[in-house]
Q: 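Sending over a structure as structure tokens; questions will come in a sec.
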There are 2 protein chains.
Amino acid sequence: MEDGTFRSLSYCDSTVDDDYDVRQWDTREDCEVRQILDRIADKWSLLVIALLDCQSLRFSQLRREIDGVSQRMLSVTLRHLERDGLVSRTVHPVVPPRVDYALTPLGRTLHQTIKSLVTWTEEHQAEIAAARADYDARQEMMEA
Amino acid sequence: MEDGTFRSLSYCDSTVDDDYDVRQWDTREDCEVRQILDRIADKWSLLVIALLDCQSLRFSQLRREIDGVSQRMLSVTLRHLERDGLVSRTVHPVVPPRVDYALTPLGRTLHQTIKSLVTWTEEHQAEIAAARADYDARQEMMEA
DNA sequence: CAGGATCCTTTTGGATACTG
DNA sequence: CAGTATCCAAAAGGATCCTG
């Protein structure tokens, strides 16, 4: 799809040598992929996309559902997602105003991945908690 | 695996009604899943995990490969990932010191998802760029 | 080389007030 | 209801210096 100047992520080599090229894709800070990743891997974006699975939600519904999000951050996040073409914003000309947010077709293609990320977290939270407890215990051992 | 007090993300209902419960999982800010998501969906964590696919890398290699990361942030990120049991840290007792970082088995299970997130971004960057251009153009129209 | 500690800047984000 | 604008506090992050 793109110009192919960087290797696919599927590149795989178990050799460990200080000098061989370990780069797997365009890692430049200002490249498009990095910028997009920063946006969609965002704390609030992730939750919004996950919540919009199969349903459209109003601003106030999202605000209620996403515990801890401020009106400002939800607003900012939704505008970003709308700009990126991942979320659609539908204004109903009624009083009081009603605005519905939903995933666009593009957003729906991303949703699968986001969902698997959330699912992975749900399935492995016990292992992570255990690893943390282990690490912390070992740290305390060191200090004592 | 867990206690099952919240619904699976696979729950899906297209009905839109202001009062029905739209919650799909435990969205509390202080819940484990939210905290873990915040960590692994982190800008630098994502890149480290993606880079450690099938290879172990030294601190300085990671620093070189991840454009824009400061020594401090790479250090902090690696310690977090190590604490969460996603990345292993191997110190070779040589002079000068050599430390290798690699994915743990748990980290490898996460890698698949991270990889699909990066792949999605690579494959859809053109669409997103177009959506942004479109949005920006419409904004300028509005202001004029 | 691989970081820890410190200081200081930049960014993020919350609270509040206000508008269509 | 669904936001925007402003101001300010908190947190993230960079630069630098230092050590085993």
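Below, chain A is the first sequence line, B the second, and so on; all start at residue 1.
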Q: Taking only side-chain N and O atoms of Tyr101(B), does any of them lie within less than 4.0 angstrom of OP1 or OP2 on dG3(C)?
A: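 Yes, such a contact exists.
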
Q: Hey, is Asp134(A) close enough to Arg138(A) for a salt bridge, meaning N to O under 4.0 Å?
A: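 Salt bridge between Asp134(A) and Arg138(A), a charged N being under 4.0 Å from a carboxylate O: yes.
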
Q: Verify the contact: side-chain N or O of Arg58(A) to OP1 or OP2 of dA2(D), cut-off strictly under 4.0 Å; return yes or no.
A: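 Arg58(A) to dA2(D) OP1/OP2: side-chain N or O found under 4.0 Å.
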
Q: Could you please name the option among dA15(D), dA2(D), dG4(C) that lies closest to any side-chain atom of Ser75(B)?
A: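 Output: dG4(C).
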
Q: Between C1' on dA2(C) and CD on Gln61(B), what's the gap in Å once rounded to a whole number?
A: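 So the two atoms are 13 Å apart, to the nearest Å.
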
Q: Once you round it to whole Å, what is the distance between C1' of dG3(D) and CG of Leu74(A)?
A: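 Leu74(A) atom CG is separated from dG3(D) atom C1' by 10 Å.
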
Q: Does Arg79(A) place a side-chain N or O at less than 4.0 Å from the phosphate oxygens OP1/OP2 of dG3(D)?
A: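 No, outside the criterion.
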
Q: Under 4.0 Å between any heavy atoms, over every strand shown, what does Arg63(A) touch: base, sugar-phosphate, or nothing? Just pick one.
A: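 The answer is nothing, as Arg63(A) stays clear of every strand by at least 4.0 Å.
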
Q: Let me know the distance between CD of Gln71(A) and C1' of dA17(C), rounded to the nearest Å.
A: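 Computing the Gln71(A):CD to dA17(C):C1' distance gives 11 Å.
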
Q: Hey, which of His92(A), Arg58(A), Gln55(A), Gln61(A) is the one that makes side-chain hydrogen bond (donor to acceptor under 3.5 Å, both in side chains) with Asp100(A)?
A: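 That would be His92(A); it is the only one of His92(A), Arg58(A), Gln55(A), Gln61(A) passing the side-chain hydrogen bond (donor to acceptor under 3.5 Å, both in side chains) with Asp100(A).
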
Q: Thinking salt bridges, do Lys43(A) and Asp38(B) make one under a 4.0 Å N-O criterion?
A: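 Yes.
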
Q: Between the side chains of Asp136(B) and Arg132(B), is the shortest nitrogen-to-carboxylate-oxygen separation below 4.0 Å, so that they form an ion pair?
A: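 No.
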
Q: Among the nucleotides dC1(D), dG3(D), dG13(D), which one has an atom lying closest to any side-chain atom of Pro97(A)?
A: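 The nucleotide sitting nearest to the side chain is dC1(D).
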
Q: Hey, does Leu52(A) have a side-chain heavy atom less than 4.5 Å from the side chain of Leu62(A)?
A: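 Yes, close enough: below the 4.5 Å cut-off.
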
Q: Write down the distance between CZ (Arg64(A)) and P (dG3(D)), rounded to a whole number of angstrom.
A: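 After rounding, the reported distance stands at 14 Å.
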
Q: Rounded to whole Å, how long is the line connecting atom CG of Asp42(A) with atom P of dA12(D)?
A: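 Answer to the nearest Å: 14 Å.
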
Q: Do the side-chain N or O atoms of Ser60(A) get closer than 4.0 angstrom to the phosphate oxygens (OP1, OP2) of dA2(D)?
A: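 Ser60(A) to dA2(D) OP1/OP2: side-chain N or O found under 4.0 Å.
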
Q: What integer distance in Å separates Lys43(A):NZ from dT12(C):P?
A: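 Result: 13 Å.
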
Q: Let me know the distance between CG of Leu78(B) and C1' of dG13(D), rounded to the nearest Å.
A: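 The answer, rounded to whole Å, is 16 Å.
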
Q: So if I take every side-chain heavy atom of Pro96(B) and compare against dA2(C), dA2(D), dC1(C), which nucleotide ends up nearest?
A: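 Output: dC1(C).
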
Q: Report the distance from atom CD1 of Ile66(B) to atom P of dG13(D), rounded to the nearest whole Å.
A: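 In whole Å, dG13(D) P and Ile66(B) CD1 are 13 Å from each other.
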
Q: Which residue, Phe59(B) or Arg72(B), contacts DNA chain C at a nucleotide closer to its 5' end, judged by nearest heavy atom?
A: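 Of the two residues, Phe59(B) wins.
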
